[in-house]
Amino acid sequence: EQINRANMMNCPPGLEYLLQVKENNPFLAGYETSNKYKVLNSLGQIVYLAAEESNLYSRQFFGPLRSFRIHILDHLGHEVIQLVRPFRCSGCCGCCMQQMEVQAPPGTVVGYIFQTWHPCLPRFTIQNELKEPVLRIHGPCFVGCSVVIKSFDETETIGKISKQFSGLLKEIHTDTDLFGIQFPIDLDVKMKAVMLGACLLIDYMFYEESNN
């Protein structure tokens, strides 16, 4: 109760719903062109809408590596979260690691997602607004398996990001991805917003084809 009360006092405007979010909420469904997303709860109700802002040139020539801003809106149409991803080259060296800044509300940084170098596995560090490390994300060897969210010291698994199967016909004939996020209900609400950003960054990096 004390944690939840502190979370409420520390909650950026528009993120109040995330205070209630725990395992299996929310889901993100993406539709690629310049990408659009729906953030749904476990009942299928729309919580947020998100839309990518990028130019045609970057989408055409840089594909999933492109820079962009994603604007996340609440049900009243107010922008409550903004994700900022700079262009980063693709490569295995440390200078090409991917990153994303999370603002909530827009203009106020609440955290960052930084890819950390590993010879063969996806690895990310979740940082707060002061760039202090808070959580780690461990990806699997094979695309499609769950991504594990761990405490920073890696002693505890606190959640996961998983690609949901949306049906054989939809998987074959559409460009839609469906993801589920699990994290503790008492996780800092700002970090919940950052985890939404991490889910979208993972979508761009591992599930979006460069010719989409």
Locate the shortest heavy-atom distance separating [X] from [Y]; write the atom from each residue and the value.
{"X": "Pro13", "Y": "Pro105", "result": "CD-CD, 4.1 Å"}
{"X": "Pro133", "Y": "Thr125", "result": "CB-CG2, 3.9 Å"}
{"X": "Gly111", "Y": "Val194", "result": "CA-CG2, 3.7 Å"}
{"X": "Pro184", "Y": "Lys192", "result": "O-CE, 3.5 Å"}
{"X": "Ile161", "Y": "Cys199", "result": "CG2-SG, 3.9 Å"}
{"X": "Val189", "Y": "Cys11", "result": "CG1-CA, 3.8 Å"}

So if you build clusters from Ile, Leu, Val, Met, Phe, Trp, Tyr with side-chain heavy-atom gaps below 4.5 Å, do [X] and [Y] land together?
{"X": "Val84", "Y": "Leu201", "answer": "no"}
{"X": "Val134", "Y": "Leu15", "answer": "yes"}
{"X": "Ile113", "Y": "Ile158", "answer": "yes"}
{"X": "Leu196", "Y": "Leu73", "answer": "no"}
{"X": "Val148", "Y": "Met191", "answer": "no"}

Quiz item: Of all residues at least two apart in sequence or in a different chain, which pass the side chain to side chain donor-acceptor pair (under 3.5 Å) check with Arg123?
Solution: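 With sequence neighbours excluded, Arg123 shows a side chain to side chain donor-acceptor pair (under 3.5 Å) to no residue whatsoever.
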
Practice problem: Would you mind reporting whether Gln127 and Glu132 have side-chain heavy atoms less than 4.5 Å apart? | Solution: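 Counting from C-beta outward, Glu132 and Gln127 never come under 4.5 Å.
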
Self-check item: Pairwise side-chain contact, Pro122 with Phe206, heavy-atom cut-off 4.5 Å (strictly under)
Solution: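 Sidechains of Phe206 and Pro122: in contact.
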
Spacing of [X] atom [atom1] and [Y] atom [atom2] [to the nearest 0.5 Å]:
{"X": "Gln99", "Y": "Met97", "atom1": "CD", "atom2": "CE", "result": "10.5 Å"}
{"X": "Leu83", "Y": "Leu200", "atom1": "CG", "atom2": "CG", "result": "6.0 Å"}
{"X": "Lys160", "Y": "Ser146", "atom1": "NZ", "atom2": "OG", "result": "4.0 Å"}
{"X": "Met195", "Y": "Leu135", "atom1": "CE", "atom2": "CG", "result": "6.5 Å"}
{"X": "Ile70", "Y": "Asn35", "atom1": "CD1", "atom2": "CG", "result": "7.0 Å"}
{"X": "Asn128", "Y": "Asp188", "atom1": "CG", "atom2": "CG", "result": "8.5 Å"}

Quiz item: With a distance cut-off below 6.0 Å to the six-membered ring centre and an angular limit of 45° from the axis, does Arg136 pair with Phe152 as a cation-pi contact?
Solution: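 Because its charged atom sits under 6.0 Å from the ring centre and within 45° of the axis, Arg136 does stack over Phe152.
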
Quiz item: Salt bridge between Arg66 and Glu52, side-chain N to carboxylate O under 4.0 Å?
Solution: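 Yes, charged N to carboxylate O under 4.0 Å.
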
Practice problem: For side-chain contact (heavy atoms from CB on, under 4.5 Å), just list the numbers for Lys190 and Glu129, CA-CA rounded to whole Å, side-chain angles, deciding distance to a tenth of an Å, and then say yes or no. | Solution: CA-CA 9 Å; Lys190 295 179 181 178; Glu129 66 272 22; 4.1 Å; yes

Under 3.5 Å donor-acceptor, [X] side chain and [Y] backbone:
{"X": "Lys38", "Y": "Ala50", "value": "no"}
{"X": "Gln115", "Y": "Gln98", "value": "yes"}
{"X": "Gln82", "Y": "Pro106", "value": "no"}

Quiz item: For the residue pair Tyr37 and Tyr48, is the inter-centroid distance of their aromatic rings smaller than 6.0 Å?
Solution: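 No, they do not, as the ring centres are separated by 6.0 Å or more.
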
Practice problem: Output the rest of the hydrophobic cluster of Tyr112: all Ile, Leu, Val, Met, Phe, Trp and Tyr residues reachable through side-chain heavy-atom contacts under 4.5 Å, sorted by chain and number. | Solution: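 Members other than Tyr112 - counting any ILVMFWY side chain reachable under 4.5 Å - are Val109, Phe114.
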
Quiz item: Any side-chain donor-acceptor pair under 3.5 Å between Gln103 and Glu101?
Solution: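 Glu101 and Gln103 do have a side-chain donor-acceptor pair below 3.5 Å.
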
Quiz item: Is Lys150 atom NZ crowded by more than 12 heavy atoms from other residues, nucleotides or ligands, each under 6.0 Å away?
Solution: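 For Lys150, atom NZ is crowded (more than 12 foreign heavy atoms under 6.0 Å).
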
Self-check item: Trace of the side-chain contact (heavy atoms from CB on, under 4.5 Å) decision for Leu49 with Ile72
Solution: CA-CA 6 Å; Leu49 296 174; Ile72 301 180; over 6 Å; no

